[in-house]
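Naming: A, B, ... by sequence-line order, numbering from 1 per chain. It should be emphasised that the depicted structure is a prediction, and the values quoted were computed from it without experimental measurement. Worth knowing before you read on, the calculation uses all heavy atoms, side chains too, and leaves out hydrogens, waters and symmetry mates.
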There are 2 protein chains.
Amino acid sequence: MTLDEALQLLKDKGFKYTGKREEIIRICAKEKRYLSAKDIMERMKENYPTLSFDTVYRNLSTFVELGILEETELEGEGKYRLTCTTHGHHHHVICTGCGKTTTLASCPMTVIPQIPTDFTVTGHKFEVYGTCKECS
Amino acid sequence: MTLDEALQLLKDKGFKYTGKREEIIRICAKEKRYLSAKDIMERMKENYPTLSFDTVYRNLSTFVELGILEETELEGEGKYRLTCTTHGHHHHVICTGCGKTTTLASCPMTVIPQIPTDFTVTGHKFEVYGTCKECS
DNA sequence: ATTCGTAATCGTACTTATTCTGATTTGCCA
DNA sequence: TGGCAAATCAGAATAAGTACGATTACGAAT
């Protein structure tokens with residue numbers, strides 16, 4: 001997903017354009033890594049010194065609902081990154097130091113033998129954790 | 001892992017025997033599901049009405065370190081269940097309603113094509129989420 | 001059995017992430 | 001350009017988890 005695609009999606013869905021929304025997406029688009037709400041707020045403080053964290057949290061969940069961002073829960077806090085649409089559905093290797101990610105080619109759901117039939121499957125999570133070169 | 005194995009492990013590692021420790025493990029051993037710290041405290045209030053949550057949290061992390069319990073982070077809180085040692089390393093289908101689990105036969109790490117070489121892998125998480133019969 | 005050191009627990013205060021609320025501001029459409 | 005709903009603000013509230021000083025109790029040594 002690109003910045004422009006995300007802004008277009010917001011417009012299509014009837015959400016208003018605000019500079020803060022653009023900047024949140026811009027920040028996420030700039031880095032191939034998961035960021036926490038705090039990380040994002042910090043980066044925004046320069047342009048929006050009076051930013052309220054309510055704004056960040058609210059927009060982050062909006063973006064997740066719209067599929068602009070993907071969310072994961074790591075080390076007790078929510079982390080966010082721009083949805084990668086380039087390679088279809090896939091998973092990530094995540095650096096536990098800095099949140100940096102790389103893409104894994106396949107999804108285990110296609111190769112897992114059988115899911116018990118007494119569960120209605122609603123989702124799945126597959127993440128590989130590690131330390132990237134810079135962090136080790 | 002059984003209750004007795006867990007208690008033996010505690011003894012071997014030089015931890016003291018306490019009724020609270022036994023009860024935490026007993027509670028987890030009784031259910032094939034992930035429980036939150038709060039769930040566990042609630043179940044203990046009957047026998048230990050003055051229980052401090054510090055005790056529960058501290059013991060839960062001790063047990064995770066010792067491999068007696070496995071932990072996952074779900075819906076903003078830590079969830080715990082007795083480590084299943086019967087089938088070796090494996091993963092779970094988890095009911096998002098009640099935490100109930102069933103076992104998945106294989107681990108995706110064995111079938112995932114290639115992990116990028118610029119990451120030192122430290123761990124992974126594979127969970128399938130769904131709704132069990134009772135919760136749907 | 002009694003003593004004693006240390007680990008475990010208690011009670012409570014604190015931290016941190018996140019959500020809520022009511023008042024104010026601001027996009028955007030007519 | 002006026003008005004309304006959406007967005008933001010500021011700060012209070014919630015909730016999970018951690019820290020800490022004081023007390024209790026396990027279990028080893030006597």
Side-chain angles (χ1 to χ4, degrees), chain A residues 6-27 34-66 68-69 71-81 96 99, chain B residues 6-27 34-66 68-69 71-81 96 99:
Chain A
L7 292 176
Q8 189 58 47
L9 183 57
L10 280 173
K11 194 173 214 172
D12 292 349
K13 295 279 186 178
F15 288 88
K16 294 183 176 168
Y17 168 85
T18 72
K20 281 155 197 143
R21 282 187 171 151
E22 173 171 342
E23 177 128 349
I24 291 175
I25 298 169
R26 191 182 290 282
I27 286 167
Y34 278 99
L35 295 173
S36 68
K38 208 192 303 170
D39 291 336
I40 293 168
M41 285 206 53
E42 237 162 63
R43 287 166 170 70
M44 292 184 73
K45 273 289 162 64
E46 195 179 328
N47 292 329
Y48 299 98
T50 68
L51 182 69
S52 158
F53 46 79
D54 179 77
T55 300
V56 176
Y57 280 108
R58 197 170 12 74
N59 281 321
L60 288 176
S61 10
T62 302
F63 296 164
V64 170
E65 271 167 37
L66 294 180
I68 293 171
L69 298 183
E71 180 183 24
T72 192
E73 209 175 312
L74 211 50
E75 292 157 348
E77 57 182 2
K79 311 266 193 171
Y80 304 87
R81 56 159 295 150
T96 48
Chain B
L7 292 176
Q8 188 57 48
L9 183 57
L10 281 173
K11 194 172 211 171
D12 292 349
K13 296 280 184 176
F15 289 88
K16 294 182 177 168
Y17 168 84
T18 72
K20 281 155 197 143
R21 282 186 170 151
E22 174 171 342
E23 176 127 349
I24 292 175
I25 298 169
R26 191 182 290 282
I27 286 168
Y34 278 99
L35 295 173
S36 68
K38 209 190 304 170
D39 291 336
I40 292 168
M41 285 205 56
E42 235 161 64
R43 287 167 169 70
M44 292 185 73
K45 274 289 161 66
E46 195 180 330
N47 292 328
Y48 299 98
T50 68
L51 182 69
S52 159
F53 46 78
D54 181 78
T55 301
V56 175
Y57 280 109
R58 196 169 14 74
N59 280 320
L60 287 177
S61 8
T62 302
F63 295 164
V64 169
E65 270 167 36
L66 293 180
I68 293 172
L69 297 183
E71 180 182 26
T72 192
E73 209 173 314
L74 210 51
E75 294 157 346
E77 56 180 2
K79 311 266 193 171
Y80 304 87
R81 57 159 294 149
T96 49

**Message:** side chain to side chain contact (heavy atoms under 4.5 Å, CB included) for B/Thr18 and B/Thr55? Distances and angles first, verdict last.
**Reply:** CA-CA 11 Å; B/Thr18 72; B/Thr55 301; over 6 Å; no
How close or far is atom [atom2] of [N] from atom [atom1] of [X], stated in whole angstroms?
X: B/Ile40; N: D/dG17; atom1: CD1; atom2: P; result: 11 Å
X: B/Asp12; N: D/dG27; atom1: CG; atom2: P; result: 13 Å
X: B/Phe15; N: D/dG27; atom1: CZ; atom2: P; result: 13 Å
X: B/Leu60; N: D/dA16; atom1: CG; atom2: P; result: 14 Å
X: A/Tyr17; N: D/dT8; atom1: OH; atom2: P; result: 11 Å
X: B/Met41; N: D/dT18; atom1: CE; atom2: P; result: 14 Å
X: B/Glu73; N: D/dG17; atom1: CD; atom2: P; result: 8 Å
X: A/Lys20; N: D/dA6; atom1: NZ; atom2: C1'; result: 13 Å

**Asked** For A/Ser36, which contact category applies under a 4.0 Å heavy-atom criterion: base, sugar-phosphate, or nothing?
**Response**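 No contact.
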**Asked** Which is true for A/Phe53 with a 4.0 Å heavy-atom rule: it touches a base, it touches only sugar-phosphate, or it touches nothing?
**Response** base
**Item:** DNA chain C: 5'-most and 3'-most nucleotides touching chain B, 4.0 angstrom heavy-atom criterion
**Value:**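 With heavy atoms of chain B under 4.0 Å away, the range is C/dG5 to C/dA13.
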**Request:** For A/Gly78 and for B/Gly19, locate the closest nucleotide of DNA chain C by heavy-atom distance; then report the residue assigned to the nucleotide nearer the 5' terminus.
**Result:** B/Gly19
**Selection residues 8-24 of chain A - residue pairs positive for salt bridge (Lys or Arg N to Asp or Glu O under 4.0 Å), sequence neighbours left out** = A/Glu22-A/Arg26
**Asked** Taking the side chain of B/Tyr57 as its heavy atoms from C-beta onward, which of D/dG11, D/dT8, D/dG17 lies nearest to it?
**Response**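 Per side-chain heavy atoms of B/Tyr57, the pick is D/dG17.
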**Fill in**
Of D/dA25, D/dG17, D/dA10, the nucleotide closest to the side chain of B/Lys16 is D/dA25
Kindly compute the distance separating [atom1] ([X]) from [atom2] ([Y]), expressed to the nearest 0.5 Å.
X: A/Ile40; Y: A/Lys79; atom1: CD1; atom2: NZ; result: 10.5 Å
X: B/Tyr57; Y: B/Met41; atom1: OH; atom2: CE; result: 8.0 Å
X: A/Ile24; Y: A/Leu51; atom1: CD1; atom2: CG; result: 7.0 Å

**Message:** D/dA7, OP1 or OP2 - any side-chain N/O from A/Arg21 closer than 4.0 Å?
**Reply:**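 Yes, because at least one side-chain N or O of A/Arg21 sits under 4.0 Å from OP1 or OP2 of D/dA7.
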**Asked** For D/dT8, does either OP1 or OP2 sit under 4.0 Å from a side-chain N or O belonging to A/Thr18?
**Response** yes
**Message:** Let's go through B/Phe63 and B/Leu10 carefully: what are the C-alpha distance in whole Å and the side-chain angles of both, what is the deciding distance for side chain to side chain contact (heavy atoms under 4.5 Å, CB included) to 0.1 Å, and is it a yes or a no?
**Reply:** CA-CA 9 Å; B/Phe63 295 164; B/Leu10 281 173; 3.9 Å; yes
**Message:** Need to verify one output field. Residue with the more 5' nearest nucleotide on DNA chain D, B/Ser52 or B/Gly76?
**Reply:**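 Here B/Gly76 is the residue nearer the 5' end.
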**Prompt:** Between B/Asp39 and B/Ser36, do the side chains contain an N or O donor and an N or O acceptor separated by less than 3.5 Å?
**Reply:** yes
